[in-house]
Amino acid sequence: MIVTTKKLFEAAYGKFAIGAYNINNLEQTMGLFQGNIDSQAPFIIQISKGARAYTHKTMLEGLIRSAEEIFPEAIFAVHLDHGDEQTCYDCIESGFYSSVMIDASHEPFEKNIAITRRVVEAAHAKGIVVEAELGMLGGVEEHVSVDEADAKLTDPDQAAEFVERTGCDSLAVAIGTSHGAYKFSGTQALRFDVLEEIQKRLPGFPLVMHGSSSVPQEEVERINAAGGRLIGAKGVDANQFKRAAQLGVTKINIDTDGRLVWTRVHREYFRDHPDNIDLRKPGKIFMQEYARFIAAKNEKLGSAGQLETVRKLLGG
Ligand code: G3H
Ligand code: 13P
Ligand code: ZN
């Protein structure tokens, strides 16, 4: 069942975070649904602009509709990840997405507010909810490259004004994370002090943490042992997710860790089976491994076992 992120956040706020996982293909879609059903977790499917362009935007919709039939128990939101204004309108018009993210965080404050406000008006008119972003993460986002040195943490005072003036339904905050496999040039630490200040000014309001992959060292070592070259890759400590959830983070975005699972499975498979040309063999292993990965991640987020609670909240 497709629901809005707003409904999921009502169940989660202050207690646990919902995993927001990116998909691009069939294997990720199957593993994602299987892992969330295995761990009895509600979840958010994220679709980036790059994912929409990879095959065709309609293909992803077809995959999700089919997965919904295969896993009728599943409760999830379909969310545009890092949308620009036009892509947000396209998703709002499509009638398929239950939630969009407008990412105008690279714009000056007033322009970010103006763009976000326009998207909120269009989305709310159709019952769709909006995530916006204030502050800048380090690392690379689509069309926006920000040096870690220039990364700008969210200003708590501005956050309160931004939410008030835009009417957005959730806010992505920059508290030290960054996208990709190379986070934290120094020590691995989330800025809980900044998060606490944001929550004080926005009590009860759902916050979002992007760039939250953990980049497990064991995964990196296996990839490198199978011919990869990921040097100095580092991520967020997943044991900090629950503390973040208690401070108002209701959605935690994870994409890179899934890519690491894909890379490890395929590199090891082809290293160990140099004669194989059947794409289904590593594909099948990936779906199983991805499902296990999702279930384990949901334990860290606290969303594992929450499916029935959410179903009851929805009146089902
Ligand atoms: O934040 C970006 C997500 O990891 C999606 O990545 O734009 O390469 O699909 P992508
Ligand atoms: P990671 O690169 O840490 O997985 O972050 C993903 C993300 O924020 C997608 O919006
Ligand atoms: Zn992101």
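Atoms within each ligand, like the ligands themselves, are counted from 1 in listed order. Quantities reported herein were computed from a predicted structural model and do not represent experimental measurements.
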Worksheet item: Based purely on interatomic distance, does Asp255 place a nitrogen or oxygen under 3.5 Å from a nitrogen or oxygen of ligand 1?
Response: yes

Discussion item. With a 4.0 Å cut-off on N to O distance, would you call Asp90 and Arg52 a salt bridge?
Written reply: yes

Discussion item. Checking contacts here: is it the side chain or the backbone of His82 that comes within 4.0 Å of ligand 1, counting heavy atoms only? Could be both or neither.
Written reply: side chain

Discussion item. Tell me if the centroids of the rings in Phe16 and Phe241 come within less than 6.0 Å of each other.
Written reply: no

Fill in: Residues, nucleotides or ligands: over 12 heavy atoms within 6.0 Å of Arg118 CZ
yes

Worksheet item: More than 12 foreign heavy atoms under 6.0 Å from CD of Glu308: is that the case here?
Response: yes

Response to the item:
The atom name of the N, O or S atom in His179 nearest to the Zn ion (ligand 3) is NE2

Practice prompt. Salt-bridge test for Glu61 and Lys57: reply yes if a basic N is under 4.0 Å from a carboxylate O, no otherwise.
Written response: no

Worksheet item: Same cluster or not: are Ile128 and Val208 linked, directly or through other Ile, Leu, Val, Met, Phe, Trp or Tyr residues, by side-chain heavy atoms under 4.5 angstrom apart?
Response: no

Discussion item. List the protein residues in contact with ligand 2, where contact means a heavy-atom separation under 4.0 angstrom.
Written reply: Asn22, Gln46, Asp81, His82, His179, Gly180, Lys183, His210, Gly211, Ser212, Ser213, Asn253, Ile254, Asp255, Thr256

Practice prompt. Give the numbers and elements of all ligand 1 atoms closer than 4.0 Å to a heavy atom of Asn22.
Written response: 3 (C), 5 (C)

Worksheet item: Is it true that atom CZ of Phe71 has more than 12 heavy atoms of other residues, nucleotides or ligands lying nearer than 6.0 Å?
Response: yes

Practice prompt. Have a look at ligand 1 and work out which part of Asp81, if any, has a heavy atom under 4.0 Å from it: side chain, backbone, both or neither.
Written response: side chain

Discussion item. Among the N/O/S atoms of His82, which is closest to the Zn ion (ligand 3)? Give the atom name.
Written reply: NE2

Discussion item. Aromatic contact between Phe33 and Phe43, with the criterion being ring centroids under 6.0 Å apart: yes or no?
Written reply: yes

Worksheet item: In His210, which N, O or S atom comes closest to the Zn ion (ligand 3)?
Response: ND1

Discussion item. Any nitrogen or oxygen of Arg259, side chain or backbone, less than 3.5 Å from one on ligand 1?
Written reply: yes

Fill in: Electrostatic pair Lys284-Glu27, nearest N-O below 4.0 angstrom
no

